[in-house]
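In what follows, every heavy atom counts, from backbone to side chain, and hydrogens, waters and symmetry copies are set aside.
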Amino acid sequence: MRKGDETRREIIRRAAPIFNQRGFEGAAVSDLMRATGLEKGGIYRHFDSKQQLAGEAFEYAWQLAVEARFAGTPEITNTVDRLKQIVWNFRDRRGSLVQGGCPLLNTATDADDGNPVLRTKVRRAFSSWLDRLRSIVEEGQGCGEIRPGVNAMELATLVVTTLEGALMLERLQKTPEPLNIACRHLEEYLETRIRAEESKPREKKT
């Protein structure tokens with residue numbers, strides 16, 4: 001990797017927590033300069049605008065979030081168990097996120113004030129998350145692990161909106177209970193309403 005590319009990546013890495021915590025308007029150039037150790041010209045030598053930097057910082061933060069939420073799932077063969085792992089990862093693997101928490105929730109709230117570039121990136125991120133979950137559900141239906149009558153996209157949407165909504169309440173109420181309740185509910189729902197009867201473990205007869 002060329003030095004210019006390394007510098008660019010480092011600027012994105014250091015700028016991401018600022019945008020994630022303060023939003024686009026709240027992230028002052030002075031904050032970015034302090035975080036990166038560069039002058040304004042040194043930063044914008046690598047980016048056309050503050051908006052371009054904010055967009056790439058969001059993509060960096062979102063990639064870390066995706067990696068955390070899907071951590072350990074490739075090794076899980078059963079698709080319902082994989083979905084359950086994603087649910088608990090959402091709660092338990094937040095230490096590796098960019099400082100400030102979920103970039104999707106943060107940036108969606110920030111971009112709602114009229115930043116079309118960031119809003120488009122958030123929509124794409126949201127769609128990609130839904131698509132990955134939908135794909136798992138469809139895989140499970142194909143191998144008989146998930147009930148055939150389940151609407152894959154509706155289930156994906158239910159999981160994502162329940163988790164993100166609970167996270168928002170957790171912040172507002174400053175208590176982990178909303179997210180704990182949401183995760184427990186989703187786990188029970190996946191086990192009792194989504195897992196195919198024939199794929200449930202049978203109790204051994206004595």
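Lys121 contributes no side-chain N or O that, together with a main-chain N or O of Ala54, makes up a donor-acceptor pair within less than 3.5 Å. Between the side chain of Lys50 and the backbone N or O of Phe24, at least one donor-acceptor pair lies under 3.5 Å. At least one donor-acceptor pair closer than 3.5 Å links the side chain of Arg82 to the backbone N or O of Thr77. Checked by atom type and distance alone, the side chain of Ser127 pairs as donor or acceptor with a backbone atom of Arg123 at under 3.5 Å. Here the side chain of Arg134 pairs no donor or acceptor atom with the backbone of Ala156 at under 3.5 angstrom. In terms of modelled atom types and a separation under 3.5 Å, the side chain of Asn20 and the main chain of Phe58 share no donor-acceptor contact.
Using a 4.5 Å cut-off on side-chain heavy atoms (C-beta onward), Met33 and Ile43 make contact. At least one side-chain heavy atom of Ile86 sits less than 4.5 Å from a side-chain heavy atom of Ile136. Considering only heavy atoms from C-beta on, Asp110 stays 4.5 Å or farther from Phe19 through its side chain. Leu83 is listed as a side-chain neighbour of Val137, based on a closest heavy-atom distance under 4.5 Å. Between Val87 and Leu163, some side-chain heavy-atom pair lies under the 4.5 Å cut-off. Proximity of Phe90 to Val159: side-chain heavy atoms (C-beta onward) are nowhere separated by under 4.5 Å. By the 4.5 Å heavy-atom criterion applied to side chains, Tyr189 and Ile194 are counted as neighbours.
Annotation: side chain to side chain donor-acceptor pair (under 3.5 Å) contacts involving residues 155-165, sequence neighbours excluded, are absent.
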Side-chain donor-acceptor contacts of residues 141-152 below 3.5 Å, not counting sequence neighbours, with atom names and distances?
unit_1, atom_1, unit_2, atom_2, d
Gln141, NE2, Arg147, O, 3.1
Gln141, NE2, Pro148, O, 3.4
Gln141, NE2, Val150, O, 2.7
Glu145, OE1, Thr79, N, 2.8
Glu145, OE1, Thr79, OG1, 2.7
Arg147, NE, Arg195, O, 3.1
Arg147, NH2, Thr192, O, 2.9
Arg147, NH2, Glu197, OE2, 3.2
Asn151, OD1, Met153, N, 3.2
Asn151, OD1, Glu154, N, 2.9

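Closest heavy-atom contact between Ile18 and Ala27: CG2-CB, 3.7 Å. The shortest non-hydrogen separation linking Gln21 to Gly100 is CG-CA, 3.6 Å. Ser96 and Ala68 make their closest contact through OG-CB, 3.5 Å (heavy atoms, listed as atom of the first residue, atom of the second, distance). Of all the heavy atoms in Leu190 and Val80, the pair that sits closest is O-CG1, 3.8 Å. Closest approach of Pro178 to Leu169, counting heavy atoms only: CB-CB, 3.8 Å.
For Arg69 and Trp129, the positive end sits near the middle of the six-membered ring, less than 6.0 Å away and at most 45° from its axis.
Between atom CD of residue Gln85 and atom CG of residue Asp92 there is a gap of 8.5 Å, rounded to the nearest 0.5 Å. Separating the OH atom in Tyr60 from the CZ atom in Arg14 is a distance of 11.0 Å, to the nearest 0.5 Å. Atoms CG and CZ, on Leu158 and Arg193 in that order, are 10.5 Å from each other to the nearest 0.5 Å. The OG1 atom of Thr109 sits 7.5 Å away from the CZ atom of Arg171 when rounded to the nearest 0.5 Å. Tyr44 contributes atom OH, which lies 10.0 Å from atom CD1 of Ile11 (distance to the nearest 0.5 angstrom). Here the CG-CD distance, from Asp131 to Glu138, works out to 9.0 Å after rounding to the nearest 0.5 Å.
Looking at Glu10, Arg8, Arg9 one by one, the single match for side-chain contact (heavy atoms from CB on, under 4.5 Å) with Ile12 turns out to be Arg8.
If you check the side chains of Gln63 and Glu67, you find a donor sitting under 3.5 Å from an acceptor.
A salt bridge links Glu177 with Arg184; the closest basic N to acidic carboxylate O contact falls under 4.0 Å.
Residue Ile76 is not grouped with residue Leu155 when hydrophobic side chains (ILVMFWY) are merged at heavy-atom distances under 4.5 angstrom, including chains of intermediate members. Cluster membership check: Leu97 does not share its hydrophobic cluster with Trp88, using side-chain heavy-atom separations under 4.5 Å among Ile, Leu, Val, Met, Phe, Trp and Tyr. Using a 4.5 Å cut-off between side-chain heavy atoms of Ile, Leu, Val, Met, Phe, Trp and Tyr, with links allowed through other members, Phe47 and Val29 fall into the same hydrophobic cluster. With hydrophobic clusters built from ILVMFWY side chains whose heavy atoms lie under 4.5 angstrom apart, Leu104 shares a cluster with Leu167.
Within 6.0 Å of the CD atom in Glu39, the count of heavy atoms belonging to other residues, nucleotides or ligands does not exceed 12. The 12-atom threshold is exceeded at CD of Glu75, counting heavy atoms of other residues, nucleotides or ligands nearer than 6.0 Å.
Shown here are the side-chain contact (heavy atoms from CB on, under 4.5 Å) partners of Met168, two or more places apart in sequence or in another chain: Leu105, Leu172. Shown here are the salt bridge (Lys or Arg N to Asp or Glu O under 4.0 Å) partners of Arg94, two or more places apart in sequence or in another chain: Glu170. In this structure, Arg45 has no salt bridge (Lys or Arg N to Asp or Glu O under 4.0 Å) partners at least two apart in sequence or on a different chain. The side chain to side chain donor-acceptor pair (under 3.5 Å) check on Glu25 picks up nothing, with sequence neighbours excluded.
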